[in-house]
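To keep things clear, I will list the structure first and then write my remarks on it.
One-based numbering along the sequence shown. For clarity, every value in this text was computed on a predicted model and none was experimentally measured.
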Amino acid sequence: MDLSLKERIRRSSSPPPPSHAEASSPRHPRGRNGAAAAMLPLSVAALVACTVLLLLVAGGSAARRGQFVDADPSALSGGGAGRGDLHQARPRDGTYGTSVSPKVQKDKLIGGLLAPGFDEQSCLSRYKSALYRKESPHMPSTYLLERLREHEFLQKKCGPHTEAYKEAVEQLKSGQDTKVGDCNYLVWVAYSGLGNRILTITSAFLYAILTNRVLLVDGDKGTADLFCEPFPDTSWLLPPDFTIKQFKNFSSGSPESYGNMLKTGVVRPDGSSKGPSPAFLYLHLAHDYDAHDKLFFCENNQQYLQKIPWLILRSDNYFVPSLFLIPAYQAELIRLFPQKDAVFHHLGRYLFHPTNVVWGLITRYYDSYLAKADEKLGIQIRVFDTEPGPFQHVLDQVLACTLKEKLLPDINAQQPIVSTGNVRSKVILITSLNSGYYETIKNMYWEHPTMNGEIISFHQPSHEEHQNSDRKMHNIKAWAEIYLLSLSDVMITSAWSTFGYVAQGLSGLKTWLMFKPENRTSPDPPCQQVMSMEPCFHAPPFYDAELGREQIQESLSRMYNIVKI
């Protein structure tokens, strides 16, 4: 296998000097080679199927399959020398709001995830988020920090408006002599709602790290209005004059689609091709991808894709779990993330910093309504129904979950006043497109005291009534509410909602997940605490690359057996 690209990028990236522990151990080579689909009914078992796919990678699949990269086998068990303790929790800091402690001031780089040197005024949230969050107990590995610094160098070297980028675009225009070089690219296409976009950018970024590609994001749907630039001294926004004008219209059946090329025989199942490699390929990894599109997750297809300088990707899935199941990437991923369910937690906090406009909405609301409470409970209510609501069965489910799990105190319907010597305040942040749930629950706790004397206050920043993912202000409010929700101490979220998954991952909490109602009936049990803070992979490929056919039932069975459900 040709490793020249990997070596050229390594030599040019000038990584930070290794620590003493790292210098005394062999260096791990990078592994650069490495849904209108039917949805399973959401029950307790289906919830487990969503979350357990990521846990599957802990089960020794790397040991039973060969790897096509020369990886350090010791990385599979602990992540390399000097990193055995990286997953141990750090103590939480209790600081909130604008009461700043030296510990919070010191950790404005959030454990080293962020690079210093940005203009702080251009993106206030980047270094001020530590003022509004408890310190995360989930420590990023030093190997992840090293790889982030290397990737930042690659983005700066090959990003838009550089000579390297201009040369790569000229080669793409000509369609001739388009071979992989020092600068290769992954273009993310803006698609679907805000939560889906955040999850798929994260998935694309991880794939870019694994394959040493520059990530360029489509600026459509207001990307620049929502997120600050994550990489120093460069932009991640795809220039508007990008030479492939039709990329927004690509679909699974497009001639440029990799799955379609496999279907028509232009590319063979073993990853070889009949003719010269194209200058670019389109990867369709959305919920409606077919069996040929899903071959992206098979190793020999990954080998072929490393020969393509430009990849264009559209997805609405959080496909990180399937990257863990590609043998070529397993050792690298385990070194990057010794705690496997913290992938989005680390990469999400690295990538997504609210712009100053969004940060103003967040901080004004937080300081006005949330900062002084003893405890913050976030409740995210997402209803997948064509009618506007509110619905009684949804309200019943929310109340059943909060009371059954003792997240809200019972009310006292007999006495007008319940005295207590130790008044404790709890603030409830509700996010929903509809205001009916907020109004009903708020009135219930206004009209009656709580049994334990707690003072409860309820707040809902907005109620847009309908999701409108193409409207700028709608997305700005949605991003502000996701971020506010992620500042909760305890959280309740709705199944199948990427809005809730993003808040959950940013917070690092294992939330209480409300099951999706069926036939307008409140589920019993109403909710359950999730197994992982990772977002759910809504449409996993369930494809056995070794057998070359879909293995839906067998895949589910193997997943259940591994975790002994």
Side-chain angles (χ1 to χ4, degrees), residues 96-97 132-134 361-383 388-420 422-465 467 477-494 497 499-500 503-504 506-507 509 511-514 517 522 526-527:
Y96 278 99
Y132 292 84
R133 290 192 186 279
K134 288 183 178 180
L361 292 177
I362 294 167
T363 54
R364 288 191 295 273
Y365 201 91
Y366 184 94
D367 292 337
S368 297
Y369 304 112
L370 310 179
K372 296 180 181 180
D374 294 312
E375 183 181 356
K376 294 178 286 297
L377 169 64
I379 303 178
Q380 182 252 343
I381 304 172
R382 179 71 164 97
V383 180
F391 299 100
Q392 186 63 43
H393 69 277
V394 175
L395 178 63
D396 292 342
Q397 181 181 13
V398 174
L399 291 172
C401 178
T402 56
L403 297 174
K404 177 177 182 291
E405 303 303 337
K406 302 188 183 307
L407 304 178
L408 278 179
D410 284 309
I411 59 172
N412 190 328
Q414 305 301 320
Q415 300 181 40
I417 299 175
V418 176
S419 62
T420 177
N422 183 21
V423 177
R424 188 172 183 272
S425 64
K426 178 180 288 189
V427 63
I428 316 302
L429 176 72
I430 295 179
T431 64
S432 174
L433 291 172
N434 190 287
S435 63
Y437 307 106
Y438 157 76
E439 293 289 350
T440 301
I441 301 173
K442 180 193 69 172
N443 287 337
M444 186 174 81
Y445 279 86
W446 181 38
E447 294 168 1
H448 304 284
T450 59
M451 293 291 290
N452 61 5
E454 278 188 325
I455 304 300
I456 311 292
S457 63
F458 291 85
H459 304 280
Q460 180 174 351
S462 73
H463 47 92
E464 296 285 284
E465 303 305 329
Q467 183 173 342
K477 288 181 179 179
W479 178 214
E481 292 190 19
I482 288 173
Y483 203 95
L484 285 166
L485 195 65
S486 76
L487 301 178
S488 304
D489 300 309
V490 184
M491 202 186 308
I492 299 171
T493 57
S494 298
S497 172
F499 187 109
Q504 165 186 310
L506 292 176
S507 71
L509 297 174
T511 69
W512 294 90
L513 190 73
M514 293 189 293
S522 181
C527 61

Can you name the residues that form a ring pair (Phe, Tyr, Trp, His ring centres under 6.0 Å) with [X], not counting sequence neighbours?
X      : answer
Phe458 : Tyr445
Phe499 : none
His393 : Phe391
Tyr437 : none

Indicate yes or no for a side-chain donor-acceptor contact from [X] to the backbone of [Y] under 3.5 Å, with no hydrogens or angles considered.
X      : Y      : result
Arg133 : Ser486 : yes
Thr450 : Gly453 : yes
Asp489 : Lys376 : yes
Ser494 : Met514 : no
Gln460 : Leu429 : no

Checklist line | Value rounded to 0.5 Å, distance of CG in Leu361 from CD in Glu481 | finding: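 Interatomic distance, Leu361 CG to Glu481 CD, rounded to 0.5 Å: 9.5 Å.
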
Checklist line | Gln380 versus Ser497, side-chain donor and acceptor atoms under 3.5 Å | finding: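 The criterion, which ignores hydrogens and geometry beyond distance, is satisfied for Gln380 and Ser497.
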
Note to self: For Tyr369, does the six-membered ring have the charged nitrogen or CZ of Arg364 within the cation-pi criterion, i.e. under 6.0 angstrom from the centroid and within 45° of the normal?
What the structure shows: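 No, Arg364 and Tyr369 do not form such a contact.
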
Notebook entry, point to check: Lys442: what forms a side-chain hydrogen bond (donor to acceptor under 3.5 Å, both in side chains) with it, not counting sequence neighbours?
Noted result: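 side-chain hydrogen bond (donor to acceptor under 3.5 Å, both in side chains) list for Lys442, sorted by chain: Glu439.
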
Run the side-chain donor-acceptor check on residues 405-417: report pairs under 3.5 Å with partners two or more places apart or on a different chain.
from, atom 1, to, atom 2, distance (Å)
Asn412, OD1, Gln414, N, 2.9
Asn412, OD1, Gln415, N, 3.1

